[in-house]
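Each ligand, and each atom within it, is numbered from 1 in the order the structure gives.
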Amino acid sequence: MKRYLYTGLFLLAAAAPLRAEDGSRLWLRGNATAHARVAAGRQSPTIAIAVSELQAQWQGAAVQLSIVPNKALGDDGFSISGSPQSGVTIAAVAEQGLLYGAYHLLRLQETQSLPPTLSITETPRYALRILNHWDNLDGSVERGYAGRSLWKWGELPDTLSPRYAAYARANASVGVNGTVLNNVNASPQILSPPMLRKVKAIADVLRPYHIRVYLSINFSSPMALGSLETADPLDKAVQRWWGGKVAEIYRLIPDFGGFLVKANSEGLPGPQDYGRTHLDGANMLADALAPHSGIVMWRAFVYSPNDPDRAKQAYQEFMPFDGKFRPNVIIQVKNGPVDFQPREPFSPLFGAMQRTPVMVELQITQEYLGFSNHLAYLGTLFEECLQSDTYARGAGSTVAKATDGSLFAHPLTAIAGVANIGSDVGWCGHPFAQASWYAFGRLAWSHSLPAEAIAREWLRQTFGSDSAFVEPAAAMMMQSREAVVSYMMPLGLHHLFAWGHHYGPEPWCRVPNARPDWLPSYYHKADSAGLGFDRSSTGSHATAQYFTPLREQWDNLETCDERYLLWFHHVPWGYTMKSGRTLWSELCHRYQSGVDSVRAMQQAWDRLQPYVDAERFALVQSRLRTQARDAVWWRDACLLYFQTFSRRPIPYALERPVHDLDELMKVKLEMTHHN
Ligand code: BDP
């Protein structure tokens, strides 16, 4: 990554002597100067945390924490009443509600949005709000760009890094209540007795913050660990092995959450290896977990190399099983049908799978959005997915409602985010990447919060409340993900990434004997006629997996949302777009607008220097320079390459390329790929 490191000279001296900050305090920077009177009717480790947070930070008068039998609040909900002047009461059915209420009250204070009289009731939209760590047992993190794993397996269980509690606190402050500690590409070793003792040690630290631990499992564990000859889910010995293993886990961790499973995907073992199905595999594990109230999160991220359209496959494999899974199984579906691209339409399984609980998997780590080098606030991406209308039960059947138990009455509701957290002192590798973690938690609690409001909340707590800072910084965040879409893959293009590392552009990529669906040409299908993947009724007919009116709208070139145009259609170069430009010309304008947006972000950030401490200012400034160079690289690589098919000039009003295609085709980054 040397190529991207940049030590810049900062010409402007910092106007205000703001204390240098390394980002380690995240959005929890409250100054511990308060001495509030806090009373609680009951004692518990969780209530003790709520009390000490309020004592240290609440600037108002007294706070009373009360457990009340108000069933409407559910396990996690709370109400807040009273006034900062005369005293506040936080009431909840259970201790965790008091904890969430305490953090809510402090957030209102830190964002300067405390009303004179408080009358608040909050309950979360999803029961399980879970981070997925793709952390390996050797300390590396798959698709992690914030240093090594947070979990120090080598020194556990005896040594407990103070970061575990800090991590738990940050998550609890935004309502996250579960964590999958290890990579979905799971090593069987995670279930070995010594590893389970380490997992228990982490679970013990997280418990007072009401964060449950879950594990990713490898489907062949009975063979790797139990020396069975098979992992066939219908084999009695296999079932017994899992039953015993689950019981062993619960003896150590009585509130263990359950398993996350990636099976028969990208070379991992699964029930299909034995002629069985995803249904057989998921239900077998569900039966082992049910006596302990554990759940199975079974991933729908499956595709085979031979399918003519990878985007259709999860739907095809899972729909026949709808309604047949055990009640403690939930199907975990990535937001889009392919793979966490900068923009995808929502997966057609949302809304279609109605008799089985389904959960959204979002990717917080920026595997496909410039790693931790690029500023890309993903609150807008998450919002776009959750608010997409599936039309499953007519207009208004959003992805959020199709998964929160309101449209289809499933008691088991959940949402997951692939974490961007590592051992980096600032946790996420880029100061603004913290905002995507924060936004995930806030949306998991309340999926209709606007991404913009969340950005402002985060900025106020993370940097300061001056509106001369907050407003331009929020504007910058709000356009940031769209900028990435524009300079990488506008108009529904997808998967133009370089082989393996997914950082830079490689639309020309050819790898001998590679799976076709791991190559960009499978997705962009550029030829002399045009560009894009025909998934309409004249092509793979993926549009048929959606409900009316989307299936008709997206099927028709004239009515297809231009954001998804090249996702669903192979479009002639000369086709007239809504702007009146040809497809080729529009493509050129979009790439340029992405570059322009990054330049605008650089300008906006430089203007904000007086409001930001020197350390975080400089870090963001240097990252934006990298991003600006990368945006030009993306634009030139994609346009010059596609130009070899379109044979049209780049519109003369636009900036000229600054790289040569030949030179760009030689760029090879040295980055490791952990598949
Ligand atoms: C892909 C990643 C790969 C993951 C896989 C998954 O490139 O590292 O293992 O998704 O989600 O996006 O299983």
Side-chain angles (χ1 to χ4, degrees), residues 130-138 140-146 149 180-187 190 214-219 259-270 272 278 281-282 296-305 310-311 313-314 317-318 331-344 347 349 358-372 376 378 381 385 415-422 436 440 484 488-489 494-504 506 509 511 514-515 517-520 522-523 669 671-675:
I130 303 178
L131 286 182
N132 289 183
H133 289 267
W134 286 359
D135 293 21
N136 298 312
L137 305 188
D138 66 1
S140 62
V141 181
E142 178 149 341
R143 313 305 180 185
Y145 316 105
S149 172
V180 182
L181 298 182
N182 62 318
N183 192 354
V184 286
N185 296 319
S187 159
I190 189 71
Y214 301 74
L215 293 175
S216 297
I217 59 105
N218 182 298
F219 204 78
F259 293 148
L260 172 63
V261 192
K262 172 173 175 178
N264 292 124
S265 167
E266 300 188 328
L268 286 178
Q272 293 174 350
H278 287 295
V296 175
M297 294 169 284
W298 191 273
R299 294 176 91 229
F301 181 68
V302 296
Y303 58 97
S304 77
R310 168 173 162 183
Q313 200 171 343
E317 279 203 40
F318 280 84
I331 305 302
Q332 181 164 318
V333 182
K334 290 189 183 184
N335 59 289
V338 169
D339 191 6
F340 296 140
Q341 297 300 291
R343 170 166 281 133
E344 297 189 32
S347 162
L349 280 167
V358 174
M359 64 192 281
V360 182
E361 177 179 323
L362 300 163
Q363 196 181 42
I364 309 170
T365 190
Q366 292 168 225
E367 173 180 358
Y368 295 104
L369 289 101
F371 297 2
S372 53
L378 301 185
L381 189 162
C385 167
I415 185 164
V418 180
N420 61 351
I421 301 162
S436 299
F440 169 76
V484 178
M488 286 188 184
M489 278 163 260
H494 49 293
H495 238 311
L496 307 183
F497 293 97
W499 180 257
H501 57 65
H502 298 164
Y503 186 79
E506 213 177 344
C509 176
V511 174
R515 290 172 59 141
D517 58 357
W518 282 3
L519 294 174
Y522 172 94
Y523 298 97
L669 298 185
M671 296 192 195
T672 43
H673 180 55
H674 304 285
N675 252 349

Pairs of nitrogen or oxygen atoms closer than 3.5 Å, one from [X] and one from ligand 1: do any exist?
{"X": "Gln363", "value": "no"}
{"X": "Arg143", "value": "yes"}
{"X": "Glu361", "value": "no"}

Who pairs with Ala146 by side-chain contact (heavy atoms from CB on, under 4.5 Å), at least two apart in sequence or on another chain?
Asp424

Just go through Glu367, His501, Arg299 and tell me whose heavy atom is the nearest to atom 7 (O) of ligand 1.
Glu367

Restricting to heavy atoms, the pick from Asp339, Asn183, Asn132 nearest atom 1 (C) of ligand 1 would be Asp339

Do [X] and [Y] have side-chain atoms, one donor and one acceptor, less than 3.5 Å apart?
{"X": "Arg515", "Y": "Tyr522", "answer": "no"}
{"X": "Asn132", "Y": "Tyr214", "answer": "no"}
{"X": "Gln341", "Y": "Glu367", "answer": "no"}
{"X": "Glu266", "Y": "Tyr303", "answer": "yes"}

Would you mind listing which atoms of ligand 1 come within a distance below 4.0 Å of any non-hydrogen atom of [X]?
{"X": "Asn185", "result": "9 (O)"}
{"X": "Tyr368", "result": "7 (O), 12 (O)"}
{"X": "Lys262", "result": "4 (C), 5 (C), 6 (C), 9 (O), 13 (O)"}
{"X": "Lys334", "result": "1 (C), 5 (C), 6 (C), 10 (O), 11 (O), 12 (O)"}
{"X": "Phe301", "result": "5 (C), 6 (C), 10 (O), 11 (O), 13 (O)"}

Applying salt bridge (Lys or Arg N to Asp or Glu O under 4.0 Å), name anything that partners Arg299, two or more places apart in sequence or on another chain.
Glu361

Centre-to-centre under 6.0 Å for Tyr368 and His495, is that the case here?
yes

